[in-house]
Each structure stands twice: as structure tokens, then as C-alpha cells.
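Quick note: numbers below take in every heavy atom, side chains included, and nothing from hydrogens, waters or symmetry partners. Atoms within a ligand are numbered from 1 in the order they appear, just like the ligands themselves.
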Amino acid sequence: MGESITVTDNRTGASTEIPIEFGGVSAAEFSKLLPGVWFYDPGFTTTAACESAITFVDGDEGILRYRGYPIEQLAEKSTYLEVAYLLLYGELPTTDQFDVWQRDITYHTFIHENVRKRFLEGFHYDAHPMGMLVSAVAALSTFYADAKEIDNPVVLDRQIVRLIAKMPTLAAAAHRFSVGMPFVYPDNELSYTENFLSMMWKVAEPHYEADPALSRALEVLFILHADHEQNCGTTAMRVAASAHADPYSATAAAAAALYGPRHGGANEAAIKMLTEIGSIEAVPAFVEQVKQGHGRLQGFGHRVYKSYDPRATIVKRAAYDVFEVTGKNPLIDIALKLEETALSDPYFIDRKLYPNIDFYTGLIYQAMGFPMEMFTVLFAIPRTVGWLAHFKELLDQDLKIARPRQLYIGADTRDYVAMPQR
Ligand code: ACO
């Protein structure tokens, strides 16, 4: 046997040799020798929960590939909808396949009037758009009675098209409601990102035309955010999907996880941090504070990347393309100084903490005029396709329901005490 480990059960003397494959060992092989013995692994730091052929990440080398294609090539040459097709179906589409795909997505961008009137407009005037999005996506499942037919691939693909198509519409609707602006209907003449920008910013003009540099920058950001293998949101998606929840409810579960500041909420937190720092001169003192345990550098560090996040490199470049149109976001200078200071400091070097994708994305969104509350929404729109690619893959693999064990640390058995005696 090549690389392997030998496990001996000292209670019985029995031992087994387990191969190390792709850097891991199979828990099922352990279980053969040690039935009933389980692994304690909070945060799943050493647990692979599935096989997946969608996205490859090498955190030490800073590599990210979708279906084998390097993220750098896709960001430079592809479009979001082409990448979406690639993630879902495993191959880049032919011209004919792409035409059908683009048409399908374009023609499903409208939402039922009641989704807007009954759900979105039912929120309080200052509701967070991400909270509105999570709820509206879950509500969609009640509008499509066939959503539960996840065993039927044709029906499932229909829900996938609906979700990808309607996400920008729901997102823009949530924003317009929160600023008291009327809802803008989708425009079938526009590309995916142009249409989203139109639904966000259109005022009285008959036809909104986005600046091509801005719609391309958004396209690149959507490509970069489309998938990232088994992150927190995708794990939430897979857990819900393993119970055979419908795709809308499972997407809502994933979006809820993304909402957290340790995950997709970090871009918002990064802008708040840069604003709070306020000047280049204040950077060293801020970094010192962080080193002493007062907070964290937002947009820094990653569970998987222990080198520069390859997406952050692309986003940093895209920021300058956007600033040529919008003017420079003054926070970029503080961000650059912060990065330089951290990357030359042993605290961050020793812990392998580098900027992640969220460090620079907020600067772009802010320069493009998006309010901070929309930053995580801008992450959820493109990530929807990644979640759905995992949903499809999980169903094809016919996996068991996700149901981890626990290490019980609570009270031992005790008798109920009536309230007056407590
Ligand atoms: N700033 C300062 N110190 C940090 C940071 C940070 N951003 N991130 C980790 N550390 C330190 C921790 O304090 C810890 O130090 P210690 O060993 O002295 O206790 C060490 O690095 C390891 O930290 P963990 O929390 O164990 O690392 P983990 O892999 O669990 O966390 C996470 C990863 C959550 C991303 C973390 O780096 C973090 O909180 N970053 C800031 C939030 C952020 O940017 N999130 C976006 C992630 S990317 C995404 O979701 C799209």
C-alpha cells in the first residue's frame, strides 16, 4: 500500500490499514474497525463532507478553478451566465446551448406581483435588504407548486433558471423599497448585469444604459463570487438539500448563512473598519490594537486560503477600472496601507493572514453607489448558482441526510422539580 495510516484498537488489539487518498482518509474505513467511535471536529476543520467535481481550491498555493478552468481566465474572458452554465452542467456551453440558456434566464426575470406587493412591501421601511432577500427567496417556494419535484430533472432545472433569473430582481426590489423608489421591471433587451443596474438605478429615463466599464466590473465580481466549494453558505445549502428541501427554501438557508459578518457580511464590515480608521496615519495604531486582541482585520484571513486569495488580486485590479469611471474611492489608500502594514508584520505572517475577496469588493460597490446594506446582497446574487450547482450534485449523488454526532456535555439524568421548589 502507498500512503496509509494504521489504526489499532488497543481494547481488542485489532488493527487496520487505511489508505490516504487525496490528502484524506475515509471515516467509513475507521468505522469498520471502531463502530460507534466518532470524531470530534467542531467547525468541520478536518472533515470532508462530500465528493465534489465543481470547484477546486488550493489554499496554500492560492488556486481557484471552476470545473478545472482557472478563475483568472474566466474573469478575463467569460461572462457570468456562461460561468453559471459551466458550474451547473460541467462544460462551457456551445453557442446554441448558450443562446437557449441566456434566453431562458432573461425570460424568467419577472417576479409574481404578489411577491413584491405582499412580501417585499410588507416589510418595515428600514428593513435590511439581505433580510428581505432571504425571506423573499423562501417565499418563492410557495409560488411554484412544482418546486418540491426535485426528482424530476426538467422541473428542477426550471426552478434553477427561475432562481438565477429572479435573484437580481428581488435584490433590486428590496433596495428600491428601502429608499422609497418605485419598483423597476426587468428589461429583456439588457444583459444580466446591465439589467440589474437598470433595476437598481433607473429613474425617469425610458431606457437605462449602464456604463459598459461598470457592468463589466460587476460581471467580473459575479464570476468571482459564483462558487467557492464547501464554505459556510454552501454547507447550509447542502444540509437543507440533504433533507430534500425544495431549491427555494434551501437557497434561503444558504443566503441566511451568507448574511453573517464572518462570511458574506465581511465586505460591509471591511468598509466600516476602513471608515473608522479614517486616515493612512491611523493605520499602524489600528493594526496594533488588532494584534492585542481588540477585534479583527475585516476582509483578512480565510479558513482555506493561507496565501493571497486569488480573487482578491483580481478585485484589486478591477477596483482601478471602476475608479476611472466613478472617481477614486478615498478609502483605497487606507486599504493599501493596511494591507502593506499587515503583510509585513510577523503577527499576520505567522498566522498566514492575507486579504480575502471581501477586503476590496466593498470599495468597488461603494464607488458604484451601492449602499453598504446591499453589499452582501451583491454576494448572494451570483453565489446562487454555486449553491444550486451543489444542490444538483448532491441529488445526483443520492447522499444521506446530513446529521452529525455531538459530544454531550450537559447535566446527567435528574428529576423534574416543581416550580415552587426551584
Ligand atoms: N484579523 C486578526 N487576526 C485574525 C484574523 C483577522 N481577520 N483572522 C484570524 N485571526 C487570528 C485569530 O485571532 C487566531 O489567532 P490565535 O491563533 O492567536 O488565536 C488565528 O488568526 C486563527 O484564527 P481562526 O479564527 O482560528 O481562523 P478561522 O479559519 O477559524 O477563521 C475567518 C477564518 C472567520 C475568515 C477569520 O479569518 C476572520 O474572522 N476574518 C475576518 C472576517 C472575514 O474577513 N470574513 C470573510 C471570509 S471570506 C468569505 O467568507 C467570503
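For atom 50 (O) of ligand 1, the nearest non-hydrogen atom from the set Lys291, His263, His302 belongs to His263. In this structure, of Arg383, Arg296, Lys306, Arg311, the residue bringing a heavy atom nearest to atom 31 (O) of ligand 1 is Arg296.
Scanning the protein for heavy atoms near atom 18 (O) of ligand 1, the closest one is Arg351 NH2, 3.0 Å. Among all non-hydrogen protein atoms, the one lying nearest atom 43 (C) of ligand 1 is Ala266 CB, 3.5 Å. Closest to atom 51 (C) of ligand 1 among all protein heavy atoms lies Asp358 OD2, 3.5 Å. Closest to atom 33 (C) of ligand 1 among all protein heavy atoms lies Arg303 N, 3.8 Å. Nearest non-hydrogen protein atom to atom 7 (N) of ligand 1 is Leu297 O, 2.7 Å.
The aromatic rings of Tyr259 and His128 lie tilted to each other, with the angle between the two planes from 30° to 60°. By the 30° and 60° cut-offs, the orientation of the rings of Tyr144 relative to Tyr248 is parallel. Relative ring orientation between Phe30 and Phe39 is described as perpendicular, the plane-to-plane angle rising above 60° on a 0-90° scale split at 30° and 60°.
Taking a distance limit of 4.0 Å, we find that atom 27 (O) of ligand 1 is approached by no protein heavy atom. By the definition of a contact as any protein heavy atom under 4.0 Å away, atom 39 (O) of ligand 1 is in contact. Within a 4.0 Å radius of atom 9 (C) of ligand 1, the protein contributes one or more non-hydrogen atoms.
Glu281 and Lys337 are not joined by a salt bridge, as no carboxylate oxygen comes within less than 4.0 angstrom of a charged side-chain nitrogen.
The shell of residues lying under 4.0 angstrom from ligand 1, judged by heavy atoms, excludes Phe359.
Some N or O of Phe300 is nearer than 3.5 Å to an N or O of ligand 1, by distance alone. Where the criterion is an N or O separation shorter than 3.5 Å, residue side chain and backbone included, Gly299 meets it with respect to ligand 1.
A donor-acceptor contact closer than 3.5 angstrom is absent between the side chains of Thr235 and Asn231.
Just one residue in the list Ile314, Thr79, Val83 forms a side-chain contact (heavy atoms from CB on, under 4.5 Å) with Leu74, and that residue is Val83.
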